[in-house]
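Scroll down for the structure; my scribbles are underneath it.
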Amino acid sequence: MIRVDVEEERKEILKRYRRLLRVAKPLLKSGDAKLIKRAFNVSSEAHKEMRRKSGEPYIYHPLEVALICVEEIGLGTTSIIAALLHDVVEDTDMELEDIERDFGPKVAQIIDGLTKISGVFEYGSSQQAENFRKMLITLSDDVRVILIKLADRLNNMRTLESMPRHKQLKIASETKYLYAPLAHRLGLYSFKSELEDLHLKFTDKETYEFIINKIDETKVSRNKFIKTFIAPIQVELDAQNFKFNIKGRPKSIFSIYSKMKKQNIPFEEVYDLFAIRIIIDTPLENEKADCWQVYSIVTDFYRPNPDRLRDWISTPRANGYESLHTTVMSQTGQWVEVQIRTQRMDDIAERGYAAHWKYKEKENSPEKAAGGLDEWITQVRTLLENNDGSAIEFMDDFRGNLFQDEVFVFTPKGDLKVLPFGATALDFAFEIHSEVGANCIGAKVNQKLVPIGHKLKNGDQVEILTSKKQKPSEDWLKSVVTSRARAKIKDALKEEKKQYILDGKEIVQRKLKQMKMEFSSVVVEQLRAFFETKTTTEFYYKVGRGIIDPTSIKGFKEFKQQKKLKKNTMIQVTDESSFTKEIKNLKGPEHDQLLIGEDMDVVDYILAKCCNPIPGDDVFGFVTVNEGIKIHRTSCPNALELLSNHGNRVIKARWTSQQEIAFLAGLKIVGTDRVGLISDLTKVISNELKVNMRSITVDSDSGIFEGTIKLYVHSTNHLDNLIENLSEVQGVLKVSRFD
Ligand code: MN
């Protein structure tokens, strides 16, 4: 039991509320403070009886979210009110109408977008995807929904410690999968970095803390280096009367982690641990010239790498990011990234959309400020209007748009078009006009004839060739990357498809009748799973088009009969709750966690091949449609997708200690080649107790040896031991585990 000092708590709540008001003060117009006070009172009254998992009063959460909105995004009164009330409709008796009556339609609309839909979980749909889609529909009306949602998520991530482990994993994965890219796309870089760092903290705490310690340890020498590096630049900037500010900041923990992982290098070898940022204060009309002047000063002292010059001032990124980046060689032979930008650009880089707004109003120059972001919102709107597929499909499309890097191409008349990286001639055609897209037969890129699937490069000039006889086909979807083109092609195909689906449904009905089986949603769902299609519609379609042979439906009947016979030995699991029920039936209450090893005989589960978990790994169970439960490592490349899209199918799992089952693991060995190396390696392996080698492949190229070994081990301890012994073999440089 937690003892609570009510009086103390009340004081603390008021203290936090006053802090919010103080920070918001410069943004408030007359009468605003009164509205905020009312929202605060309504919210604290509504959440009065509630506490967060940490035991703290619930009202801390909306107060913090509101504070993030003001302090870190720069949002105003409407957003503060919406943030204070954002959980009220979902968690308490208050209705949306109450909010609308008391705070007006704008606030009500934002809160509606923020409130999750409650519903029953089904196959082929995903609760989270639906929620996300709903949120984005509101985005087309008001981008503040997204910004408040991000603030909400940030506070939840900051306070994730008190959540149970499986919830931590689910929330952290969702954050990495959706919210961090979303923050990035909106230009909220500090949000994005913090969300990614927190994701790492809750999925791989050990590495997270390791990197933090390393950054700390190297701080003194880094600061010394930065000081020497910037000294001559400072002198010259002063001499030329620049108003400036220079920062040398380490990169985010997550970006260091990604570098280490991607390049498979230790912390010490990550060379661009930090970037130098020169922020100048200069009027709008001089921005570009002054930034290049600073560039000129920097490169007078240090030689730049011509491949690493990035000019996002002449052509800002789609999320509004503007900056001039160069990488130069320092006196000590180390490459250093230098970012040059103005105060305005820096504000936009840190605070994204909200800062855009601010400058848009101030400078009264809509073209400059609106640019890519408005375009992006328009894109999302098109996507929403054209999409009537499943929410998961929609989210994939949307994510596609989030991660894009851009290519810049030109029309024959020289108009600039910005397309996502990997865009093709066909994407370009649809970008021009949907009719041009639908009739596209090819293109001329820089005067040369190319097919519709030709990938465009920066600076290409593209002319589309059309024919009235041309019409979109299914494989066109493989040739496009933009959601606009996909949507248009799907529209055209849909008409055609509809007929196939109707035909397919009729055939299935007829077949089932012939086999004296009932045509019901349960049977159809089983058929869908049997034929391994994603949705029932797709199943009908495949039958209608003859991709699935109607006579093979008979095979399903036989399969079902066999299954009935086996039923006593195998549990049919359909979702988490029925799983938990089954487990409880079998093992009595208090047992909602899958014990790998022990439950082997009662529950049908297998170890996922994508990540080959072994005892000791952090794992979770995932209910699949046809193959029972699969066990994945939490670090599995597929884990993010599974946890965030299908959280309801995730089952807690842990290893039992007493077992002697062998598990497949892979090792990669790099070293300098010499005679007898392989035999030495295999000797170590066969000397190790109870290790069985399954395969070994070796590549040797000009003296460098690279081998992969697959073997059966019992646990991570066991494997670590083996790695250590292998590392000691003469000539071996590195031994690492791979999935
Ligand atoms: Mn919340």
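Just the heavy atoms: all of them, side chains too, but no hydrogens, waters or symmetry mates, feed the values below. All ligand and atom numbering here is 1-based and tracks the order in the structure.
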State which residues pass side-chain hydrogen bond (donor to acceptor under 3.5 Å, both in side chains) with Glu7; sequence neighbours excluded, sorted by chain then number.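 So Glu7 forms a side-chain hydrogen bond (donor to acceptor under 3.5 Å, both in side chains) with Arg10.
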Run the ring-centre check on Phe620 versus His632 and record whether the distance is less than 6.0 Å. yes
Closer than 4.0 angstrom, basic N to acidic O: yes or no for Arg277 and Glu350? yes
Quick one: do the His61 and Asn155 side chains pair a donor with an acceptor below 3.5 Å?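 Yes, because at least one side-chain N or O of His61 sits under 3.5 Å from a partner of the opposite role on Asn155.
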Provide the protein N, O or S atoms situated under 2.8 Å from the Mn ion (ligand 1); waters are not included. His61 NE2, His86 NE2, Asp87 OD2, Asp152 OD1
Listed by chain and number, what are the side chain to side chain contact (heavy atoms under 4.5 Å, CB included) partners of Lys25, not counting sequence neighbours?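 By the side chain to side chain contact (heavy atoms under 4.5 Å, CB included) rule, Lys25 matches no residue at all.
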Which pairs with one or both residues in residues 64-86 pass salt bridge (Lys or Arg N to Asp or Glu O under 4.0 Å), sequence neighbours excluded?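 For residues 64-86: Arg16-Glu64, Arg19-Glu71, Glu72-Arg158.
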